[in-house]
Undergrad: 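Can you keep this structure in mind? I'll have questions shortly.
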Amino acid sequence: MTQGKPTFYITTPIYYPSDNLHIGHAYTTVAADTMARYKRLRGYDVRFLTGSDEHGQKIERKAKEKGLSPKAYVDPIVDSFKHLWNRLEITYDDFIRTTDERHIKGVQEIFQKIYDQGDIYKSEYEGWYCTPCEAFWLDRQLQKNEEGAWLCPDCNRPVELLKEESYFFRLSKYQDRLLKHIEEHPEFIQPASRRNEMVSFINQGLEDLCVSRTTFKWGIPVPTNQDHVIYVWFDALSNYITALGYGQAEQKDYQRYWPAQIHLVGKDIVRFHTIIWPIILMALDEPLPQKVFGHGWVLLDSGKMSKSKGNVVDPHVLIDRYGVDALRYYLLREMPSGQDIYYSEEAFASRLNTDLANDLGNLLHRSLSMVEKFSGAIFHVPLKEAEGAFEQEVQALAQKTIDDYEAYMERFDLANAHGAIMKLVSRMNKYVDERAPWALAKDSAKAEELKAVLYHMGESLRIATILMRSTMPNVPSKIFEQLGLAERKDLQGWEALRWGLLPEGTKTQKGQPVFPRIDLSALRAEIEAQAQADKEEEAVDKEKELKPIEPLKPEISIEDFAKLDLRLVEVLKAEKVPKTDKLLQLTVRLGDEIRTVVSGIALHYEPEQLIGKKVVLVANLKPAKLRGIVSQGMILAASHDNSLEVLMAQTDLPAGSQVK
RNA sequence: GGCGGUGUAGCUCAGUUGGUCAGAGCAUACGGUUCAUACCCGUAGGGUCGUAGGUUCAAAUCCUACCACCGCUACCA
């Protein structure tokens, strides 16, 4: 049936069901869907995959808190994913869950194969683990906060030191091959800035990757060792091929669709997709995907959107308010290729008004009004002689628009692809003005010219609407209907992207405007009111809220504590360490001894605020060099989130007093 | 600290290999039109193209230094 057609396999990341999805996820999936629809329209045999990444300690814990099995906890969340994708009219061909039997089987096959050939080996892993992020971090990746606790570089929460027997994947063995591949295939990592980052990352040397865990159970067991669970990236990335049947009995789809044309991912996970994943495939001796495209983030004024910050924008609300077509258009039109955008509802509404309501919607509406008034609601094919320079220009631009759109889409430059369509629409509005059909209508000698003008308006709209079909699931068919082409499916497809197909006698059916204008001033007022309400609510919440504290460290004895020698010291001098953000160099007095201490508190204290104060020093800490300065001890401070306070004595105890 | 990137009109940004490159869209002001969803069309705004040098007949476009911001990476007792 579809034999012989070129295939196009596109994927989104599989999303983690720990919270609701926000418009950032919506962007990724809408972008992939638009590309999938575009390729289908162009006649490709498309396979579009999305899914959910359901394993891991975090899910296990959350489920336990709710008294549910992990699967039972995750099921409704996964349903909510599918519900959102349905509302956004995402036409995925397959939705893979990492809890699917097919995936589990496939991952175990993959793991076993690589293990058997010696690229996975058992060793012992000791490392810093961030529970919320479910990630181990290398020493050199960690950040240290002001009181010396190691922090996760991702979420800035404290990490724990864990030791366990683990399986390791020999990334290092494939390092050179990977680098060579990246250099020989410049299109493999897009955009180029990401490629450069990955190249420099690889050049620093890859360390073998820990690919199993024993600290939790909720995952895919290592086939030959049930104490171990296969860890996140090995599990998650494999979805792209297990969904096609890899490692299972039926591999027809794998034969057909692999390698993928594109993995669309957020820029934060480019590294995993361009280093770990290709190396897994190399170890399997399978071909690599053609392209990994790392898109930017949808940002809010208050910072990156993330689940933990809670500042999400609910796509459902936006769909209710503006409709799916408008939301999809906005996201794709505004996000510059590979860059971030700042989302605001006002910008969204403004874009909707200018592009869709004023330009496209209004062009349709005014065109049909004129056809009704001047031509009895019928399009006529004009005589060639009636076409002048303006008509030539319009026809040429229509063809250029098609070419540009296709060129941009091939480069995954969705913003410019949509911009190209709007250029045609804008030109047509100007064309109407230039040709003034209402004037032509008054002169019976210009009847043929009038036909030509109306025809060019209709034909441009038909072409622009075809180009919008990949983006907009609903409105195009309404436009075709109003143009009188509802029954002519043959004039709505990619093969109909040629000038002059609008048939003689087409009867228009003007309807309601397809994109109603948004009242911006009302919206601004509403946003204002909402912001005010949020603020008040937030203030109340803040008072009530008891944030969970960081987990306690293991118990110690009094002897352990006695090893610490804490002393009160007087700060004599304080100055910023040059070329650092966080470091202050303090000169402190301990009895009659003068010491230098470097402390990472510059973000919270001006040097003057500390001079003369009595602070607590870990006096017997082994000295260490920081930025070339020997730090003889460490100053104690309390911190929470982004606030920090250095502990100070309130009375006039002498410098050198013990703290215990 | 290393590597890379960015800094152009009020806002968002285009500007290939140096010579109509000083631009587009939005916003604003004024004018026009009436077919249209107070829409569309036109005109204007005088932005030292981050700063300071340099190369060149000629630089937003090349070089150097510096400043600011961003990304990756390292460091942060």
Side-chain angles (χ1 to χ4, degrees), chain A residues 138-151 153 191-205 267-268 270-271 294 296-297 333-334 336 338-342 346-347 350-351 353-375 415-416 419 422-423 425-441 450 453-454 457 510 512-520 577 579-584 597-603 617-618 621-636:
Chain A
L138 301 171
D139 291 356
R140 58 184 170 80
Q141 294 175 309
L142 295 171
Q143 320 234 344
K144 193 166 260 191
N145 73 358
E146 289 75 8
E147 76 254 34
W150 291 105
L151 298 181
S193 55
R194 299 286 151 208
R195 179 174 65 241
N196 295 338
E197 288 174 6
M198 291 310 112
V199 168
S200 65
F201 182 86
I202 297 167
N203 277 328
Q204 290 178 19
K267 64 183 185 181
D268 49 330
V270 168
R271 199 171 88 202
W297 284 330
R333 175 74 180 93
E334 293 281 295
Q339 290 177 260
D340 300 338
I341 54 164
Y342 282 90
E346 198 178 324
S350 165
R351 175 63 78 183
N353 276 354
T354 56
D355 283 11
L356 301 183
N358 297 348
D359 285 2
L360 177 58
N362 189 232
L363 178 65
L364 173 70
H365 202 247
R366 68 193 303 208
S367 297
L368 297 182
S369 290
M370 284 186 263
V371 174
E372 280 191 0
K373 285 197 180 175
F374 307 142
S375 183
N416 278 315
M422 290 316 301
K423 272 186 190 161
V425 171
S426 291
R427 183 65 188 84
M428 289 314 295
N429 275 316
K430 184 172 172 175
Y431 169 78
V432 172
D433 240 53
E434 289 164 340
R435 299 296 270 132
W438 50 91
L440 298 175
L450 177 60
V453 174
L454 297 180
M457 292 161 67
K510 189 171 125 181
Q512 289 303 305
V514 287
F515 291 108
R517 273 180 71 78
I518 307 299
D519 183 341
L520 279 183
V577 178
K579 302 215 170 193
T580 66
D581 302 325
K582 298 180 184 171
L583 299 186
L584 285 186
V597 179
V598 176
S599 184
I601 56 177
L603 292 177
L617 176 78
V618 182
L621 188 64
K622 184 178 167 187
K625 244 192 197 180
L626 286 172
R627 294 279 177 189
I629 302 163
V630 177
S631 180
Q632 304 160 296
M634 160 177 166
I635 299 297
L636 298 189

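Proteins get letters first, then strands, A, B, ... in listed order; numbering begins at 1 in each.
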Undergrad: Measure CG/Asn353(A) against P/G25(B) and give the value in whole Å, please.
TA: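 Taking atom P of G25(B) as the reference, CG of Asn353(A) is at 18 Å.
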
Undergrad: Hey, is Arg427(A) close enough to Glu434(A) for a salt bridge, meaning N to O under 4.0 Å?
TA: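 Salt bridge flag = yes for Glu434(A) with Arg427(A).
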
Undergrad: Which whole number of Å gives the distance between the C1' atom of G50(B) and that of A58(B)?
TA: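 Their C1' atoms lie roughly 23 Å apart.
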
Undergrad: In Å, rounded to the nearest 0.5 Å, how long is the span from CG of Asp519(A) to CG of Asn353(A)?
TA: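 Those atoms lie 9.0 Å apart.
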
Undergrad: Tell me the interatomic distance from Lys423(A), atom NZ, to C41(B), atom C1', rounded to whole angstroms.
TA: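 Going from NZ in Lys423(A) over to C1' in C41(B) covers 19 Å.
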
Undergrad: When you compare G19(B) with G31(B), how far apart are their P atoms, in angstrom units rounded to a whole number?
TA: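 Nearest-Å result for G19(B) against G31(B) at atom P: 40 Å.
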
Undergrad: Could you give the OH-to-P distance, from Tyr342(A) to C69(B), as a whole number of Å?
TA: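 Distance check: Tyr342(A) OH to C69(B) P gives 13 Å.
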
Undergrad: Could you give the distance separating C41(B) and U34(B) at their P atoms, to the nearest angstrom?
TA: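 Per the computed distance, 16 Å lies between those P atoms.
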
Undergrad: With heavy atoms under 4.0 Å as the rule, sort Gly633(A) into base, sugar-phosphate or nothing.
TA: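 Counting heavy atoms under 4.0 Å across all strands, the contact made by Gly633(A) is with sugar-phosphate only.
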
Undergrad: Whole angstrom is fine here: how far is it from CG in Asp355(A) over to C1' in G25(B)?
TA: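 So the two atoms are 9 Å apart, to the nearest Å.
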
Undergrad: So what is the 5' to 3' dot-bracket string for RNA chain B, if pairs are Watson-Crick or G-U wobble with both distances under 3.5 Å, crossing pairs use [ ] and | means the partner sits on another strand?
TA: (((((((..((((.........)))).(((((.......))))).....(((((.......))))))))))))....

Undergrad: Looking at every non-hydrogen atom in both residues, tell me the closest pair between Met422(A) and Asp359(A) and how far apart they are.
TA: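 The answer is CE-CB, 3.7 Å.
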
Undergrad: Given the P atoms of C39(B) and C21(B), what is the spacing between them in whole Å?
TA: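 Their P atoms lie roughly 33 Å apart.
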
Undergrad: So what does Arg194(A) touch, heavy atoms closer than 4.0 Å: a base, only the sugar-phosphate, or nothing?
TA: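 Sugar-phosphate, backbone atoms only, no base.
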
Undergrad: Using atom P in both nucleotides, what's the gap between U64(B) and G23(B) to the nearest angstrom?
TA: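 Straight-line distance between the two P atoms is 29 Å.
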
Undergrad: For the P atoms, the ones on A59(B) and on A22(B), what distance do you get once it is rounded to whole angstrom?
TA: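 Here A59(B) and A22(B) have their P atoms 12 Å from each other.
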
Undergrad: Working to the nearest 0.5 Å, report the span between CG of Asn358(A) and CZ of Arg517(A).
TA: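 If we round to the nearest 0.5 Å, Asn358(A):CG and Arg517(A):CZ are 4.5 Å apart.
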
Undergrad: With nearest nucleotide decided by heavy atoms, which residue, Arg427(A) or Glu197(A), maps closer to the 5′ end of RNA chain B?
TA: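 Taking each residue's closest nucleotide, the earlier one in sequence belongs to Arg427(A).
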
Undergrad: Under 4.0 Å from OP1 or OP2 of G25(B): is there any side-chain N or O of Arg351(A) that close?
TA: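 False: Arg351(A) side-chain N/O out of range (4.0 Å or more) of G25(B) OP1/OP2.
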
Undergrad: Decide side chain to side chain contact (heavy atoms under 4.5 Å, CB included) for Leu360(A) and Asp355(A); before the verdict, give the C-alpha distance in whole Å, the side-chain angles of both, and the deciding distance to 0.1 Å.
TA: CA-CA 6 Å; Leu360(A) 177 58; Asp355(A) 283 11; over 6 Å; no

Undergrad: At under 4.0 Å between heavy atoms, how does the protein contact nucleotides 29-38 of chain B? Give one character per nucleotide, 5' to 3', with B, S or -.
TA: ---BSSBBB-

Undergrad: Starting at atom CG of Asn196(A), determine the distance to atom P of G5(B), rounded to an integer number of angstrom.
TA: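 Answer to the nearest Å: 7 Å.
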
Undergrad: Check the phosphate of G71(B) against Lys267(A), side-chain N and O only, distance under 4.0 Å to OP1 or OP2. Yes or no?
TA: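 For G71(B), neither OP1 nor OP2 has a side-chain N or O of Lys267(A) closer than 4.0 Å.
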
Undergrad: For nucleotides 6-14 of chain B, give me every protein contact, N/O to N/O, under 3.5 Å, one pair per line with atom names.
TA:
none

Undergrad: Does atom NZ of Lys423(A) have more than 12 heavy-atom neighbours, drawn from other residues, nucleotides or ligands, at distances under 6.0 Å?
TA: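 12 or below, so no.
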
Undergrad: Could you check Val597(A) against Met634(A) for side chain to side chain contact (heavy atoms under 4.5 Å, CB included), going step by step and ending with a plain yes or no?
TA: CA-CA 6 Å; Val597(A) 179; Met634(A) 160 177 166; 5.5 Å; no

Undergrad: Using side chain to side chain contact (heavy atoms under 4.5 Å, CB included), reason through Asn203(A) and Val199(A) one step at a time and then give a plain yes or no.
TA: CA-CA 6 Å; Asn203(A) 277 328; Val199(A) 168; 3.5 Å; yes

Undergrad: Measuring from atom CE of Met457(A) to atom CG of Leu363(A), what distance do you get when rounded to the nearest 0.5 angstrom?
TA: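 Nearest 0.5 Å value for the CE-CG distance: 6.0 Å.
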
Undergrad: When rounded to the nearest 0.5 angstrom, what is the spacing between CZ in Arg351(A) and CZ in Arg333(A)?
TA: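 The CZ atom of Arg351(A) sits 4.5 Å away from the CZ atom of Arg333(A).
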
Undergrad: Got a second to check how far Lys510(A)'s NZ is from Met370(A)'s CE, nearest 0.5 Å?
TA: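 Here the interatomic distance stands at 10.0 Å.
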
Undergrad: On a whole-Å scale, what distance lies between the P atoms belonging to U8(B) and C70(B)?
TA: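 Pairwise P distance, U8(B) against C70(B), rounds to 15 Å.
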
Undergrad: Just how far, in rounded Å, is C1' of C70(B) from CG of Asp268(A)?
TA: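 Taking CG of Asp268(A) and C1' of C70(B), I get 16 Å after rounding.
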
Undergrad: What's the gap between G42(B) and U6(B) when it is taken at their C1' atoms, as a whole Å value?
TA: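 That atom pair is separated by 35 Å.
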
Undergrad: Can Trp297(A) and Asp268(A) be said to form a side chain to side chain contact (heavy atoms under 4.5 Å, CB included), step by step?
TA: CA-CA 9 Å; Trp297(A) 284 330; Asp268(A) 49 330; 3.4 Å; yes

Undergrad: Is Asn203(A) touching bases, backbone alone, or none of the nucleic acid, heavy atoms closer than 4.0 Å?
TA: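 No contact at all - Asn203(A) keeps every heavy atom at 4.0 Å or more from the nucleic acid.
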
Undergrad: Using atom CD of Glu434(A) as one end and atom P of C41(B) as the other, report the distance to the nearest whole Å.
TA: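 Nearest whole value for this atom pair: 10 Å.
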
Undergrad: Quick check for you: to the nearest 0.5 Å, what is the distance between Ser367(A) atom OG and Asn362(A) atom CG?
TA: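 So the OG of Ser367(A) and the CG of Asn362(A) are separated by 8.5 Å.
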
